[in-house]
There are 2 protein chains.
Amino acid sequence: MPAKTTAEAVNGPAVGPARGRYAKGRAKRSEIIETAILAFAEVGYHGASLRDISARAGISHPGLLHHFPTKAALLEAVLEYRDTVDGEAFREDRARGTDYFEALVRIVERNQVRRPLVELFAALSTEATTPEHPAHEFFSRRYDRLVRESTEQLTERAAGGGLAPGVEPAQAARSIIALMDGLQVQWLLSFDGPRSERVDMAAHVRAYLALILR
Amino acid sequence: MPAKTTAEAVNGPAVGPARGRYAKGRAKRSEIIETAILAFAEVGYHGASLRDISARAGISHPGLLHHFPTKAALLEAVLEYRDTVDGEAFREDRARGTDYFEALVRIVERNQVRRPLVELFAALSTEATTPEHPAHEFFSRRYDRLVRESTEQLTERAAGGGLAPGVEPAQAARSIIALMDGLQVQWLLSFDGPRSERVDMAAHVRAYLALILR
DNA sequence: GCAAATACCTACCGAGTGGTAGGCGACAAC
DNA sequence: GTTGTCGCCTACCACTCGGTAGGTATTTGC
């Protein structure tokens, strides 16, 4: 299938001005989104300002608001964009026959060279635990999906005797996700120190999987 | 040993006005700190405003700044306060002969009825991964200490054959901390749904410990 | 009861916030 | 090449931010 362009992935059904029709506009929208990722990653949604994002993207802040009518709309676009990019790599791995959890670990591995992305999800996922947060539903659904999928995978394995004794699929599923999340914080903190001491997120996740699978 | 009073724990060496000398002031300071915990917990450090905190604490915002000269100073006081309260319960458990990891799980258990505290640490620990954040050093040190202590405990056990085969102490130590952190996010999100579906953080941590210890 | 320190207020500051109004030039379909 | 759309700008809005100035009232040690 033809790969979706960034613009197609980013622009929902045209709201207000029919956005995404001119090439120039599409390019600028992508640029804004990539800049917004950096900003939200650094100081979270609350902490980031449209003026800072727009300046870094080389546009005035009303110019930004022309493309994304509100700050929340920009956040939504950022999350959709990330979901598309990440989901695609994961699905490709899976289609190639890669094991579900191995594909999960590969996401972690890829993220280890994309600090802003890690910062983004670390910052937003905790911020968004407040029900009023514009990304609350996004993360709520995201965790539901992740836990459900992982539980299914583990349940399948359990039936084939592929689980270590005493391991409960639903509990282990949640723990994998939690482990990946929690490691992000320590990984980000370890960026201060020497590279040799940097936390290896993927290795930790693999070690956990080795404990529960057999 | 005599328990430190809240005020003694909270007020550092007198800076500017010699704070903590009047009973009224000490009481108000505690009130402000407790309100600040709620505010920082809900919207993070960046998201919280001194005006909101001060209003909820029944004081004007310059009144608040009389007690804590800057917003960062207030944050510092909040973190010190929480460290004192939490650390005390942990040390009491340990002094009573409770196992290190069991004492750790009990912290998690206690936290399961103190949502604001969980929100606070979840929000701040990710926010503070940025080196410029006023709480950066606090969390950096905190994780160092936690990982070091846990690694020591696991290494001791390893020597006595108390570890499951293939478990590496340093890696497992980091994983425990990461798991506790990551579970907080899912626990907070599960607050939306029915009580029966609420994530049991302590049970998950216990299950992990059961995997690595023997 | 007096003096000194503390507690806390109103008023204000400059800077920054998300968002709006209205214009103007570049673009693309016809 | 005209016409309607789109991209993006300057100027402005009301509001909020952390912090300061300078005052009054309360509390405390003596």
Side-chain angles (χ1 to χ4, degrees), chain A residues 7 10-33 35-36 39-40 42-78 132-135, chain B residues 7 10-33 35-36 39-40 42-78 132-135:
Chain A
V10 162
N11 305 313
V15 179
R19 293 167 297 166
R21 236 176 265 188
Y22 289 12
K24 197 184 176 188
R26 265 179 275 139
K28 196 43 121 181
R29 247 187 303 282
S30 301
E31 206 180 331
I32 291 172
I33 286 180
T35 314
F40 288 151
E42 282 164 23
V43 287
Y45 175 72
H46 285 305
S49 82
L50 296 182
R51 276 172 176 83
D52 175 55
I53 296 169
S54 56
R56 287 207 256 169
I59 196 177
S60 70
H61 98 269
L64 185 155
L65 286 167
H66 165 74
H67 293 291
F68 307 97
T70 66
K71 193 185 182 184
L74 174 59
L75 173 62
E76 203 179 322
V78 161
E132 294 80 29
H133 197 283
Chain B
V10 161
N11 305 314
V15 179
R19 292 166 298 165
R21 235 175 265 187
Y22 290 11
K24 197 184 177 190
R26 264 178 276 138
K28 196 45 124 183
R29 248 188 302 282
S30 300
E31 205 181 331
I32 291 172
I33 287 180
T35 314
F40 289 150
E42 283 165 21
V43 287
Y45 175 72
H46 285 304
S49 82
L50 296 183
R51 277 174 176 82
D52 176 54
I53 296 169
S54 55
R56 287 207 256 168
I59 197 176
S60 70
H61 99 269
L64 185 155
L65 286 168
H66 165 75
H67 293 290
F68 307 96
T70 66
K71 193 185 183 184
L74 174 60
L75 173 63
E76 204 180 320
V78 162
E132 294 80 30
H133 197 283

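Protein chains get the first letters and strands the later ones, always in sequence-line order, with residue 1 at the start of each. Worth saying up front: this structure is predicted, and the values here are computed from it rather than measured.
Taken from NE2 in A:His67 to OG in A:Ser30, the straight-line distance is 10.0 Å, to the nearest 0.5 Å.
Two residues are said to be in side-chain contact when any heavy atoms from C-beta on lie closer than 4.5 Å; A:Leu75 and A:His133 meet this criterion. By the 4.5 Å heavy-atom criterion applied to side chains, B:Ile33 and B:Phe68 are counted as neighbours. When side chains are defined from C-beta on, A:Asp52 does not count as touching A:Thr35, because their heavy atoms never get closer than 4.5 Å. Counting only heavy atoms from C-beta outward, the side chains of B:Ile53 and B:His61 never approach each other to under 4.5 Å.
Between B:His66 and C:dC8 there is no side-chain polar atom (N or O) within less than 4.0 angstrom of OP1 or OP2.
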Before you tell me yes or no, could you show the steps for B:Leu74 and B:Leu50 under side chain to side chain contact (heavy atoms under 4.5 Å, CB included), namely the whole-Å CA-CA distance, both residues' side-chain angles and the distance that decides it to 0.1 Å?
CA-CA 9 Å; B:Leu74 174 60; B:Leu50 296 183; 4.1 Å; yes
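As rounded to whole Å, 16 Å separates atom C1' of C:dG19 from atom CZ of A:Phe68. Atom CZ in A:Arg26 sits roughly 12 Å away from atom P in D:dC6 (whole-Å rounding). Between B:Tyr45 atom OH and D:dC17 atom P there is a gap of 14 Å when expressed in whole angstrom units. One interatomic measurement links the two molecules: CG of A:Leu74 to P of C:dG18, which rounds to 10 Å at whole-angstrom precision.
Annotation for A:Ser60 and A:Ser54: closest pair O-CB, 3.6 Å, computed over non-hydrogen atoms.
Within residues 47-56 of chain B, the residues having any heavy atom closer than 4.0 Å to DNA chain D are, in order of number, B:Ala48, B:Ser49, B:Leu50, B:Arg51.
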A correct 5'-to-3' footprint of nucleotides 20-30 of chain C, with B, S and - meaning base, sugar-phosphate only and no protein heavy atom under 4.0 Å, is B------BS--
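The residue A:Leu64 sits apart from the nucleic acid: no heavy atom pair falls under 4.0 Å.
Not a single donor-acceptor pair under 3.5 Å links the side chain of B:Tyr45 to the backbone N or O of B:Ala135.
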